[in-house]
Amino acid sequence: MSAVGVPVGRGAHVRIERRTLVASLLLVATAAAAGFTGLCLGDGWSSPRDVAAALAGGGPIDFVVTRWRLPRVVGGLAFGAALGLAGAVFQNLTRNPLGSPDVIGLDAGAYTGTLLVLTVGTGTATGVAAGSVAAGLATAALIYVLSLRSGFSGLRLVVVGIGVNAVLTGVNSWIVLRADLDVAIAATAWSAGSLNGLGWEDLGLPLTVVGALAVLLALASHPMHQLALGDEVARTSGVALAGLRLLLVVVGVGLTATVTAVAGPIVFIALVAPQVGRRLVRATGVPLLPAALVGATLLTGSDVVAQALLAPVVLPVGVVTTAVGGAYLMWLLAREVKR
Amino acid sequence: MTELRARDLSLGYGDRQVVTGLNLTIPEGAFTAVVGPNACGKSTLLRALVRLLRPRGGVVELDGRDLQRLRSRHVARELGFLPQGVEAPEGIRVAQLVRRGRYAHQSVLGTWGPGDERAVVGAMAAAGVTDLAERGVEHLSGGQRQRVWIAMVLAQETPYLLLDEPTTFLDIAHQYELLRLLARLRDEGRTVVAVLHDLNQATRFADHVVAMRDGRVVATGAPADVVTATLVEEVFGLPCLVVPDPVAGSPMVVPLD
């Protein structure tokens, strides 16, 4: 049997497939390597030895690494993980690899909220985050209502979501066009999704929210995977489906919107990471931990590429994720159409 | 002592009323076959009995308590259900699927104890799928796959086992193999309820027959009392002769035309 038991007392244990364990450890190493590479990169390349010394609390570039580069890397890892988790949540909910928040318009919706708060409201970090989450939830509710016809269907939700995404992308452009020049410039730089200029002061709130939602999700992971059996069997085997679905939607939107409020709509991480993670561990359903780890690696790695590609010009990381993810999306669409 | 019964039950989807004013008690420890023509409300009734469908009127009671008011886990420890046309998640292996049947007995984190392992081993043995444990479900034949799903429901360790047309899409040998399995489970003390299409199979294996037409129960009782030429003509509109099955002695329907 290729599973290991982690004892939790009274003869009971939590089963983990051995392959999941090994792959997860490798992914942690990959994510750490991507993060460390990110720390070496800035205006030019710092030696890994200096970076390691800085992390240990000394060396010649201590300030640059811990004050400037580290928050960007930490943000990349955490936001990548959050997007990977959000993708896994929605792909499990819809039982469809296309059912990812960026494809079904939740990123765009959250960004609409962000833009509205920036153009109309005060633009404090908390206000932006709240607007982003509220608009994300409203978008989710809209897609849900539009796709609801005699019951829930994952595929219908995806198709409706793609339409909603197109509409909201248009709305977002319109808001930017109508906005004051300074807001419009900021919003445009941000609209592809970017980690540029991320500092510690930007990270406190989002990291707390992402951490709390990740814990909540870990607790809901076992019921979530029972959904893979189909709605009927999930329910008759003991899942309280309506409540679980609501919880998962709120957590998934919360993760997406939190990232969007700070870094803009970074697309394709949520689409790609869960499926890559799933294939690496050969799991049934879409497992959470590999999705988070691949997401962290992908976003941090993409950010390294975004910084290095046209240096000294720093691209928004969303440009890189869009290029990589777009190719994947085309392949996925072609495959889904064939089925 | 548990009891599953429907009282003045009305069921429907959208603007379509399927079942009206239905009263039914499922005899405990027996094998009940629900029969009737297509679209008579058999599957709808079964879905309501396992709480997949909320009644429009009336009530389904388990031990005298309204099923709608019970917790999902509680219901899942009492009533096991196998719907029609279930699809296994991509890439899942037999033992993994059967383990999913333990959901209602596990903690929210999915902890796994010796009791869970025992239930899964027992369920796979009872359904005859122990040798398939590490095989991928998608590579199995229809008959094997159906037994794997039954093993999953058995692992749920429910006193009640409800199945919606479990023999559909199986060849005749596998149909009888499955019916013998259900009868054996009944002998071991479970209450079995199955929607069956073949009247001769129903009378041969079930202790109790529920005949439905147009959303109503037309007759209930022992196969010999229920399945008569008059009733078959009334329920299915099929003129026929009912003779004793030469092997089992149960009523056998032979169409006249």
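Keep in mind that the numbers below use all heavy atoms, side chains included, and drop hydrogens, waters and symmetry copies. Keep in mind that what you see is a predicted model, and the values were worked out from it rather than measured. Below, chains carry the letters A, B, ... as their sequence lines are ordered, and counting in each starts from 1.
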State, yes or no, whether a side-chain contact exists between Leu229(A) and Trp149(B) at a heavy-atom distance under 4.5 Å. yes
Can you confirm whether more than 12 heavy atoms, excluding those of Tyr13(B), are under 6.0 Å from its OH atom? yes
Where does Arg51(B) contact chain A at under 4.5 Å (heavy atoms): side chain, backbone, both or neither? backbone
Between chain A and each of Val75(B), Val108(B), Val50(B), Leu97(B), count heavy-atom pairs under 4.5 Å; write down the option with the most. Val108(B)
Give a yes or no on whether the backbone of Gly285(A) and the side-chain of Glu90(B) come within a donor-acceptor separation of less than 3.5 Å. no
Can you find a heavy atom in the side chain of Ser72(B) that is under 4.5 Å from one in the side chain of Val239(A)? no
Spatial distance of atom OG1 (Thr284(A)) from atom CD (Gln96(B)) [nearest 0.5 Å]: 5.0 Å
Of the listed Gly91(B), Gly113(B), Gly110(B), the one with the largest count of heavy-atom pairs under 4.5 Å with chain A is Gly110(B)
Which portion of Ser107(B) sits near chain A, non-hydrogen atoms under 4.5 angstrom: backbone
Proximity breakdown for Ser237(A) and chain B, heavy-atom pairs closer than 4.5 Å: both
Does anything in residues 76-87 of chain B get under 4.5 Å of chain A by heavy atoms, and if so which residues? Ala76(B), Leu79(B), Phe81(B), Pro83(B), Val86(B), Glu87(B)
Can you tell me which portion of Arg71(B) sits under 4.5 Å from chain A's heavy atoms? Options are side chain, backbone, both or neither. neither
Measuring from Arg100(B):CZ to His225(A):NE2, what's the distance to the nearest 0.5 Å? 8.0 Å
Given heavy-atom pairs under 4.5 angstrom as the criterion, report whether the side chain, backbone, both or neither of Leu162(B) touches chain A. neither
Treating Gln106(B) as the side-chain partner and His222(A) as the backbone partner, does any N or O pair qualify as donor plus acceptor under 3.5 Å? no
